Amino acid sequence: MTTVITFGTFDVFHVGHVNVLERARELGDKLIVGVSSDALNYSKKGRNPVFSQEERMRIINSIHCVDDVFLEESLELKGDYIAAHNADILVMGNDWEGKFDHYRELCEVVYLPRTEGVSTSEIIDGILSYFNKNSVEGASS
Ligand code: CTP
C-alpha cells in the first residue's frame with residue numbers, strides 16, 4: 001500500500017486542482033490531502049479564502065480520487081503530518097520545486113507540473129474586476 005500525501009488551500013475549486021489530485025493519486029494506492037486552514041491561508045496569501053475550511057475540506061473529500069482529508073494548521077508541521085499518516089510520497093505542485101527536498105529523509109518527494117492558465121487568485125481577480133467595471137459603468141449610466 002503506497003500512501004500519497006499532498007497539501008493546498010483548494011479554494012474556489014478548479015480544473016488545476018482536479019489535475020493535481022488525480023495525478024497524485026495515480027502515484028499510489030491512497031491519497032490523503034491536507035487542506036490549509038483559514039488562518040494559515042490568511043498568513044500565506046493575506047486574504048481569507050472564499051470558502052471556509054469546513055467547506056473546502058468537504059469539497060475535497062467528495063472528489064473520487066481522494067481517500068481522506070485533514071486540516072493543515074501550520075506549514076512547519078508538514079513532517080509531523082507525513083509521519084502521522086505514514087505517507088510514502090509527498091506531492092507538491094512545481095511552484096514549490098526544491099522547497100520540500102528536506103522531507104526526502106521521511107518519504108519520496110514529487111513535484112508535479114502546474115496546469116497552465118488557471119489559478120484561484122486569477123479567478124477571484126477576474127470576477128472582482130468584472131463586477132467593479134460593471135458597477136462603475138452602471139453608476140455612470
Ligand atoms: N495547482 C496546479 N495547477 C494550477 C493551480 C494549482 O497544479 N493551475 C496545484 C498547486 O500546485 C497545489 C494545489 O493545486 O499543489 C493547490 O493549490 P492552491 O494554492 O490551493 O491553488 P492555486 O490555484 O494555485 O491558488 P492561488 O492562485 O490562490 O495561489
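This structure is a prediction, so every number in the text was calculated from the model and none was measured. Just so you know, residue 1 is the first one in the sequence shown, and it goes up from there.
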**Asked** Which is it for His17 and Val12 under the side chain to side chain contact (heavy atoms under 4.5 Å, CB included) test, yes or no, and what are the steps along the way?
**Response** CA-CA 10 Å; His17 296 149; Val12 188; over 6 Å; no
**Asked** Checking side chain to side chain contact (heavy atoms under 4.5 Å, CB included) for the pair Val4/Glu26: CA distance, chi angles, key distance, verdict?
**Response** CA-CA 9 Å; Val4 182; Glu26 282 166 11; over 6 Å; no
**Prompt:** Phe13 and Leu21: side chain to side chain contact (heavy atoms under 4.5 Å, CB included), yes or no, with the steps?
**Reply:** CA-CA 11 Å; Phe13 195 74; Leu21 292 173; 4.1 Å; yes
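A pairwise comparison of heavy atoms in Met92 and Trp96 identifies CE-CD1, 3.7 Å as the closest pair. Contact between Val109 and Arg104 at its shortest, heavy atoms only, is O-NH1, 2.9 Å. Considering all non-hydrogen atoms of both residues, Asp101 and Tyr111 come closest at OD1-OH, 2.7 Å. The two residues Cys107 and Ala87 come nearest to each other via the heavy atoms CB-O, 3.6 Å.
Arg114 places a side-chain heavy atom less than 4.5 Å from the side chain of Ser119. Considering only heavy atoms from C-beta on, Arg58 stays 4.5 Å or farther from Val69 through its side chain. You'll find the side chain of Val110 reaches within 4.5 Å of the side chain of Leu27, heavy atoms only. For the pair Thr9 and Val35, the minimum side-chain heavy-atom distance is 4.5 Å or more. Using a 4.5 Å heavy-atom cutoff, the side chains of Phe10 and Ile59 are not in contact. At a threshold of 4.5 Å between non-hydrogen side-chain atoms, the residues Ile32 and Tyr81 do not count as touching.
Taking hydrophobic clusters as Ile, Leu, Val, Met, Phe, Trp and Tyr residues chained together by side-chain heavy-atom distances below 4.5 Å, Leu112 shares a cluster with Val33. Two different hydrophobic clusters hold Phe70 and Phe51 under the rule that ILVMFWY side chains link at heavy-atom gaps under 4.5 Å. Linking Ile, Leu, Val, Met, Phe, Trp and Tyr residues whenever their side-chain heavy atoms come within less than 4.5 Å leaves Met1 and Leu31 in two separate clusters. With hydrophobic clusters built from ILVMFWY side chains whose heavy atoms lie under 4.5 angstrom apart, Val20 does not share a cluster with Val15. Ile89 and Leu106 sit in two unconnected hydrophobic clusters of ILVMFWY residues. Membership requires side-chain heavy atoms under 4.5 Å apart, directly or through other members.
Checked by atom type and distance alone, the side chain of His14 pairs as donor or acceptor with a backbone atom of Gly16 at under 3.5 Å. Side chain of Arg56 to backbone of Ile60: no donor-acceptor contact under 3.5 angstrom is found. The main-chain N or O of Asp88 is never found under 3.5 Å from a side-chain atom of Thr3 such that the two would form a donor-acceptor pair. Checking side-chain atoms of Asp11 against main-chain N and O of Val50 turns up a donor-acceptor pair under 3.5 Å. Without hydrogens or angle criteria, Thr6 side chain to Val91 main chain gives a donor-acceptor distance under 3.5 Å. Although no hydrogens or angles enter the test, the distance criterion places no donor-acceptor pair under 3.5 Å between the side chain of Glu22 and the main chain of Asn19.
Salt-bridge annotation for Asp67 and Lys30: absent, with no side-chain N of the basic residue lying under 4.0 Å from a carboxylate O of the acidic one.
Rounding to the nearest 0.5 angstrom, the gap separating the CD1 atom in Ile5 from the CD1 atom in Ile82 is 6.0 Å. From Leu77, atom CG reaches atom CG of Leu40 across 9.5 Å, with rounding to the nearest 0.5 Å. Rounding to the nearest 0.5 Å gives a distance of 12.0 Å between CG of Asp80 and CD of Glu73. We find the CZ-CD distance between Phe7 and Glu72 to be 5.5 Å, quoted to the nearest 0.5 Å. Between Ser129 atom OG and Ile124 atom CD1 the span is 12.0 Å, to the nearest 0.5 Å. In this structure, the separation between CD on Glu122 and CD1 on Ile127 is 12.0 Å, given to the nearest 0.5 Å.
Side-chain contact check for Ser121 and Arg47: at least one donor-acceptor pair (N or O, by modelled atom type) lies under 3.5 Å. Checking Asp125 against Tyr130 by side-chain atom types alone, no donor-acceptor pair falls below 3.5 Å. For Gln53 and Ser37, the side-chain atoms include no donor-acceptor pair closer than 3.5 Å. For Ser36 and Asn41, the side-chain atoms include no donor-acceptor pair closer than 3.5 Å.
Cation-pi contact between Lys78 and Tyr103: absent, since separation from the ring centre below 6.0 Å together with deviation from the ring axis within 45° is not met.
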